[in-house]
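Have a look at the structure below, then the notes.
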Amino acid sequence: MLQLHYREMGQGKPLVILHGLFGTLDNWQTLARRWAEAGHRVIVVDLRNHGRSPHTPEHSYELMSQDVLGLFDQLQLGPDTTLLGHSMGGKVAMRFALDHPDRLANLVVVDIAPRLSDMNHQDDIITGLNSLPLATLQSRQEADTALAQYIPQPDVRQFLLKNLYRREDNTFAWRQNLEVLTAQMPAVGAEISSTQPFLKPALFIRGGRSNYISTEDKLYGIPALFPNSQVETIVDAGHWVHAEKPDEVFALVKAFIEQ
């Protein structure tokens with residue numbers, strides 16, 4: 001169990017937010033502030049091997065669920081807490097809900113299903129990130145140009161480059177533990193399973209242009225583990241639903257956790 005880096009804002013019923021693969025708590029800052037202003041105590045978290053949280057050789061959903069439990073204990077979060085996770089963070093949130101149902105009021109999962117995820121679509125990103133010559137890199141622009149050979153979408157490159165920072169000696173480094181994440185990609189895609197379902201309310205938000213939650217997931221996979229769940233589709237959104245359609249995500253989550 002690690003001590004995770006987090007940021008806290010607002011007062012009221014707690015809402016804990018977990019980012020996705022290659023993300024950081026900064027990805028959720030804008031929405032977190034809005035939920036805080038709407039009357040919630042919002043805690044945004046860096047998961048292990050990401051952001052400013054510790055780097056370790058191990059990376060699994062069981063361990064990340066334990067890390068989150070440690071944070072719940074540290075912050076003395078009660079059973080009125082909502083846990084929200086996107087993508088990899090959504091799988092952490094599902095694992096936590098199934099392991100510790102008594103610690104939550106409800107669950108929000110953004111654009112991920114519990115089934116085994118095919119991680120092959122991350123190959124170009126992994127190759128691109130590992131190809132950057134950090135020791136000789138002169139600027140963020142140079143990094144962007146180099147990544148463009150592997151990752152044509154400018155918005156995805158900008159998202160990934162948020163992890164790049166200058167050290168005191170003026171060289172660049174990654175905030176994420178790229179070596180471990182590269183090696184542990186099968187663990188990131190792992191299925192979430194349980195003999196006991198999570199019986200409390202769960203909201204799954206999917207992007208209409210994303211394939212991370214299929215019709216089969218909606219009909220069978222999700223209800224099997226989360227029988228008291230609803231799946232809401234935001235039509236014109238891809239996988240980064242919260243970045244593309246923040247107003248819709250804000251309203252859906254607010255309505256769900258305040259009902």
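Note: hydrogens, waters and symmetry copies are ignored here, and every other heavy atom, side chains too, is used. Residue numbers count from 1 along this sequence.
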Under 3.5 Å side-chain donor-acceptor pair for [X] and [Y]:
{"X": "K218", "Y": "T233", "result": "no"}
{"X": "H40", "Y": "Q11", "result": "no"}
{"X": "D46", "Y": "T24", "result": "no"}
{"X": "S214", "Y": "D217", "result": "yes"}
{"X": "N49", "Y": "H59", "result": "yes"}

Would you say [X] has more than 12 foreign heavy atoms packed within less than 6.0 Å of its [atom1]?
{"X": "Q3", "atom1": "CD", "result": "no"}
{"X": "Q153", "atom1": "CD", "result": "yes"}
{"X": "K200", "atom1": "NZ", "result": "yes"}
{"X": "E216", "atom1": "CD", "result": "no"}

Passes side chain to side chain contact (heavy atoms under 4.5 Å, CB included), Q230 versus F256? Steps please.
-> CA-CA 10 Å; Q230 61 193 87; F256 175 71; 4.0 Å; yes
Backbone N/O of [Y] and side chain of [X]: donor-acceptor pair under 3.5 Å:
{"X": "S117", "Y": "M119", "value": "no"}
{"X": "H50", "Y": "F22", "value": "yes"}
{"X": "T81", "Y": "L77", "value": "no"}
{"X": "S131", "Y": "G128", "value": "yes"}
{"X": "S65", "Y": "Y61", "value": "no"}
{"X": "Q184", "Y": "V180", "value": "no"}
{"X": "S53", "Y": "H5", "value": "yes"}

Any side-chain heavy-atom pair of [X] and [Y] under 4.5 Å:
{"X": "I222", "Y": "V231", "result": "yes"}
{"X": "M9", "Y": "Q29", "result": "yes"}
{"X": "I205", "Y": "H86", "result": "no"}
{"X": "E62", "Y": "D99", "result": "no"}
{"X": "P57", "Y": "E179", "result": "no"}
{"X": "L98", "Y": "I192", "result": "yes"}
{"X": "L104", "Y": "T82", "result": "no"}
{"X": "R206", "Y": "V241", "result": "no"}

Should M64 and R95 be marked as a side chain to side chain contact (heavy atoms under 4.5 Å, CB included) after you check the CA-CA gap, both sets of side-chain angles, and the distance that decides it?
-> CA-CA 9 Å; M64 288 188 278; R95 180 74 275 152; over 6 Å; no
For the pair [X] and [Y], find out whether any cationic side-chain nitrogen is under 4.0 Å from an anionic carboxylate oxygen.
{"X": "R48", "Y": "D67", "value": "yes"}
{"X": "D26", "Y": "R175", "value": "no"}
{"X": "R140", "Y": "D144", "value": "no"}
{"X": "E8", "Y": "R41", "value": "yes"}
{"X": "D111", "Y": "R209", "value": "no"}

When you group the ILVMFWY residues by side-chain heavy-atom contacts below 4.5 Å and let the links chain together, are [Y] and [X] in the same group?
{"X": "F204", "Y": "Y220", "answer": "no"}
{"X": "L21", "Y": "Y150", "answer": "yes"}
{"X": "V108", "Y": "L15", "answer": "yes"}
{"X": "V16", "Y": "I257", "answer": "no"}
{"X": "L47", "Y": "V44", "answer": "no"}

Can you tell me how far apart [atom1] ([X]) and [atom2] ([Y]) are? Round to the nearest 0.5 Å.
{"X": "L160", "Y": "R157", "atom1": "CG", "atom2": "CZ", "answer": "10.0 Å"}
{"X": "L164", "Y": "L134", "atom1": "CG", "atom2": "CG", "answer": "6.5 Å"}
{"X": "N163", "Y": "F172", "atom1": "CG", "atom2": "CZ", "answer": "13.0 Å"}
{"X": "L129", "Y": "I151", "atom1": "CG", "atom2": "CD1", "answer": "5.5 Å"}
{"X": "L63", "Y": "T56", "atom1": "CG", "atom2": "OG1", "answer": "7.0 Å"}
{"X": "I126", "Y": "H121", "atom1": "CD1", "atom2": "NE2", "answer": "10.0 Å"}

How far apart are the C-alpha atoms of K91 and M88, what are their side-chain angles, what is the distance that settles it, and do they pass the side chain to side chain contact (heavy atoms under 4.5 Å, CB included) test?
-> CA-CA 5 Å; K91 283 194 164 180; M88 180 190 76; 5.7 Å; no
Any idea how H242 and W28 line up, ring-wise: parallel (<30°), tilted (30 to 60°), or perpendicular (>60°)?
-> parallel
Just say parallel, tilted or perpendicular for the rings of Y212 and H239, cut-offs at 30° and 60°.
->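 Correct class here is parallel.
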Shortest non-hydrogen contact from [X] to [Y]?
{"X": "P197", "Y": "A224", "answer": "CB-O, 3.9 Å"}
{"X": "K245", "Y": "I234", "answer": "CG-CG2, 3.6 Å"}
{"X": "V109", "Y": "M94", "answer": "CG2-CG, 3.8 Å"}
{"X": "A97", "Y": "F198", "answer": "O-CD1, 3.3 Å"}
{"X": "E244", "Y": "D236", "answer": "OE1-O, 3.9 Å"}
{"X": "N177", "Y": "H55", "answer": "ND2-CB, 3.4 Å"}

Checking R34 against F250: charged group under 6.0 Å from the ring centre and within 45 degrees of the axis?
-> yes
Taking it one step at a time, do L18 and L83 satisfy side chain to side chain contact (heavy atoms under 4.5 Å, CB included)?
-> CA-CA 8 Å; L18 310 177; L83 183 59; 3.9 Å; yes
Under 6.0 Å between the ring centres of F72 and F96?
-> yes
